[in-house]
Amino acid sequence: MAIADLFTRPAAVPADGGGASSGAAAFGRRPVLAGAGLEDLFAWVDQVAALTQPDRIHWVDGSRAENEALLRQQVDEGKLIKLNPEWRPGSYLARSHPSDVARTEARTFIASAREEDAGPTNNWVAPDEIRATITPLFEGAMRGRTMYVVPFSMGAVGGPLSHIGVQITDSAYAVTSIGIMTRVGTAVVEQIAAGTPWVKTVHSVGAPLAPGAPDAAWPCNDEKYIVHFPDTLEVWSFGSGYGGNAILAKKCFALRIASVIGRDEGWLAEHMLLIRVISPEGRRFHLAAAFPSACGKTNLAMLRPTIPGWRVETLGDDIAWLRPGEDGRLWAINPEAGFFGVAPGTGESTNVAAVETLWGNTIFTNVALRPDGDVWWEGLTDDVPAELTDWEGKAWTPASGRPAAHPNSRFTVSAGQCPQIAPDWETPAGVPLDGILFGGRRATNVPLVVEATDWTHGVFLGSNISSERTAAAEGTVGELRRDPFAMLPFCGYNMADYFGHWLKVGQQLRFDRAPRIFQVNWFRKGDDGRFLWPGFGDNARVIDWIIRRIEGRVPAVDSPIGRLPRTDDLNLEGIDVPQADLEALFQIDRDLWLQETDLTEDFYRTFDGRVPAALYAELAALRYRLRATA
Ligand code: GTP
Ligand code: SPV
Ligand code: MN
């Protein structure tokens, strides 16, 4: 059957949407295809509709006309502000409720049958208990609203590393965001019809509308639940309209649920950017890097090297799925189709590729609005506009004494708009990795770059990543916390088992073809509080060393914590990093590191003996090496 036969597709959404069960020939109608898989899908949609009691059901087909109609509708309802097309064609601004501005980690739950399968770093809840808690919340939650059914694919539809899911949501904002961040539409329904397994995700903002009652610009609920059922591959999210809480394909599916699928199937779902680095000689290398939220993934993904001859092509900026190939290499795809990136700090001097990506067709959330109908945020331009409307819709001037854009304000844009996107970024088989980087925001202790001696040591480094908290999630900004593999909020199962899974994946790789592992830290500070390293485009200088290490063209210096560059081997031509700063960037304080090993041991102990012995052995070896250095 042709895709076009799956849905009826008039040019616009009727004001009242399309009734699915009514059988009316309207836009957004249920697919008319038969197939064993579809029976499950239809039954599930009926079930969720019976529970949530929406006024209408709209099957999303991912068409352009539908997207435009949904955007227009949100503008009419006061939920989106259309930006001036002269500056920002096809672009919109959403202002969230001030209480709904970031992921809510304390309200995020893993409902595995056994508590030990969630582990001490997750909020575990018993599946039956949490179903009993949230079912009443979902009861009638969509009254007065449209229930959208959004079939999506993570990775190219039908690709060997791809997975599909369906999100039910009562948020048009979520629908238009999912349309950018994933591959939505009829081809996915064909996959489901053919029997491909899929993940069920349900989202409600938790704000039913009484007949005739006015809607909020950003409906949400004070009570929030983001619940994952790894045993049945389901996500239920209630009360929030924000990013990772509402675009369930992203953190909920592509990381928390996918990490569980990966554990069972022998692959890894990671909070990683993915790039191709092309050396001056034209050699191509693929790197993935895991940094915690708001710690530089999008920036590195769109790197514009400041050293001549080097080029970077973007493959992904937030999530990568990694699978050992028959050739003994580790293959990676970016399962997403767009970027949900941090706005503040994104500017001409830091990430020009991102600025160029945002030329149009972008949904901005919680940035400031200029009088000319364009957007602004801290760091976009050096000069600050004289007047703005801030992210809460209040008048703002530079004298206001508060940021105009929320620190976690974001842009949502298609990856294909990035001027340096790799031409083959959607290739279903992915790319073979040459290197993996782990990093975080560390003002002290952690050097600019250090290389792991082997895979196991690399896993040890990943398990020890800690980072100062950012505005990407609720919590105290700046507080140091452990964030192993940048996955603390995103691993859907016991983190100790996850460390073990990383070790196991390593064993599937050919030792001479496994990606080499490095730890980096762009954020080390001097005693005066300033960053010691210029960062951004100059991070290419660290990448250059990493690539030369991978190629075996440059020696390294052994240290207790791993292999360091000889400072002369870093290409610092054209920048002025004082010798004292350079030394400070690589200084290893033995006593502080010994203290870190104690913290590592405390952390490992919280897993009740589940941390693999190989990592305790790495810890013991690190202590030995530190004590052996006088
Ligand atoms: P999520 O989307 O939350 O996962 O964040 P991310 O890891 O993609 O972080 P992003 O690249 O958006 O950067 C977050 C913040 O860190 C921005 O304000 C950047 O300007 C800043 N940043 C990124 N790279 C560097 C760097 O090399 N040095 C410094 N000092 N800041 C950086
Ligand atoms: C992050 O916090 O790591 C993000 C934003 O990428 S969100 O999608 O909200 O999780
Ligand atoms: Mn992220």
Side-chain angles (χ1 to χ4, degrees), residues 96 100-105 108 174 177-178 180-181 226 237 240-256 270-275 289-304 306 314 316-320 334 336 338-355 357 365-366 377-380 403 405 407-412 437 439-443 448 467-475 477 483 486-490 520-525 529-543:
S96 82
D100 197 22
V101 294
R103 281 182 296 102
T104 44
E105 292 179 4
T108 300
S177 301
I178 302 163
I180 295 172
M181 296 304 297
I226 324 295
S237 170
S240 169
Y242 198 84
N245 292 340
I247 307 167
L248 303 186
K250 194 171 175 57
K251 296 301 164 54
C252 299
F253 175 5
L255 288 179
R256 297 193 192 98
E270 297 299 322
H271 192 202
M272 288 179 174
L273 67 93
L274 188 59
I275 51 176
F291 307 155
S293 301
C295 289
K297 286 184 300 302
T298 301
N299 274 265
L300 189 60
M302 300 181 190
L303 184 72
R304 290 271 169 100
T306 52
T314 308
D317 87 322
D318 196 55
I319 297 178
N334 162 22
E336 302 189 279
F339 308 127
F340 181 60
V342 177
T346 303
E348 296 286 343
S349 56
T350 54
N351 190 353
V352 64
V355 172
T357 305
T365 303
N366 289 341
W377 52 79
E378 280 70 19
L380 174 60
N408 192 38
S409 54
R410 299 234 169 204
F411 51 79
T412 312
L437 281 52
R441 234 173 233 276
R442 288 294 305 263
L448 179 63
S467 191
E468 289 139 27
R469 294 180 76 124
T470 66
E474 288 186 347
V477 171
D483 192 348
M487 282 288 279
L488 180 77
F490 306 123
V520 298
N521 177 25
W522 317 141
F523 299 96
R524 195 155 177 174
K525 288 181 176 169
R530 105 207 115 80
F531 288 118
L532 291 169
W533 179 247
F536 302 106
D538 287 319
N539 292 334
R541 299 167 191 275
V542 175
I543 302 294

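Fair warning: this is a prediction, and the values are worked out from it, not measured in the lab. Start at 1 and go down the list; that is how both ligands and their atoms are numbered.
- Using modelled atom types and a 3.5 Å distance limit, the side chains of T108 and R256 yield no donor-acceptor pair.
- Here the side chains of T306 and F536 are not in contact, with every heavy-atom distance at 4.5 Å or above.
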Quick one: ligand 2 N/O to protein N/O pairs below 3.5 Å?
residue: ligand 2; atom: 2 (O); partner: R103; partner atom: NE; Å: 3.0
residue: ligand 2; atom: 2 (O); partner: R103; partner atom: NH2; Å: 3.0
residue: ligand 2; atom: 2 (O); partner: S293; partner atom: OG; Å: 3.0
residue: ligand 2; atom: 3 (O); partner: K251; partner atom: NZ; Å: 2.5
residue: ligand 2; atom: 3 (O); partner: H271; partner atom: NE2; Å: 3.3
residue: ligand 2; atom: 3 (O); partner: S293; partner atom: OG; Å: 2.5
residue: ligand 2; atom: 6 (O); partner: K251; partner atom: NZ; Å: 2.6
residue: ligand 2; atom: 6 (O); partner: D318; partner atom: OD1; Å: 3.4
residue: ligand 2; atom: 6 (O); partner: D318; partner atom: OD2; Å: 3.4
residue: ligand 2; atom: 8 (O); partner: G244; partner atom: N; Å: 3.3
residue: ligand 2; atom: 9 (O); partner: G244; partner atom: N; Å: 2.8
residue: ligand 2; atom: 10 (O); partner: R103; partner atom: NE; Å: 2.9
residue: ligand 2; atom: 10 (O); partner: K251; partner atom: NZ; Å: 3.2

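- Scanning all heavy atoms of the two residues, the minimum distance from N539 to L303 falls at CB-CD1, 4.4 Å.
- W522 has its side chain within reach of L300: a pair of non-hydrogen atoms, C-beta onward, lies under 4.5 Å apart.
- Two residues are said to be in side-chain contact when any heavy atoms from C-beta on lie closer than 4.5 Å; T104 and Y242 fail this criterion.
- For the 3.5 Å distance criterion, the side chains of W377 and N366 fail to qualify, holding no donor opposite an acceptor.
- For the pair K251 and F490, the cation sits on the ring face: its NZ or CZ lies under 6.0 Å from the ring centre, inside 45° of the axis.
- The Mn ion (ligand 3) lies closest to atom OD1 when only the N/O/S atoms of D318 are considered.
- Using a 4.5 Å heavy-atom threshold, the side chains of H271 and P489 count as separate.
- Donor-acceptor pairing under 3.5 Å is lacking for the side chains of T346 and N351.
- The Mn ion (ligand 3) lies under 2.8 Å from an N, O or S atom belonging to K251.
- Protein residues are said to neighbour a ligand when one of their heavy atoms lies under 4.0 Å from it; for ligand 1 these are H271, P292, S293, A294, C295, G296, K297, T298, N299, D318, F340, V342, P344, G345, R410, R441, W522, F523, F531, G535, F536, N539.
- No side-chain N or O of N245 forms a donor-acceptor pair with one of S237 less than 3.5 Å apart.
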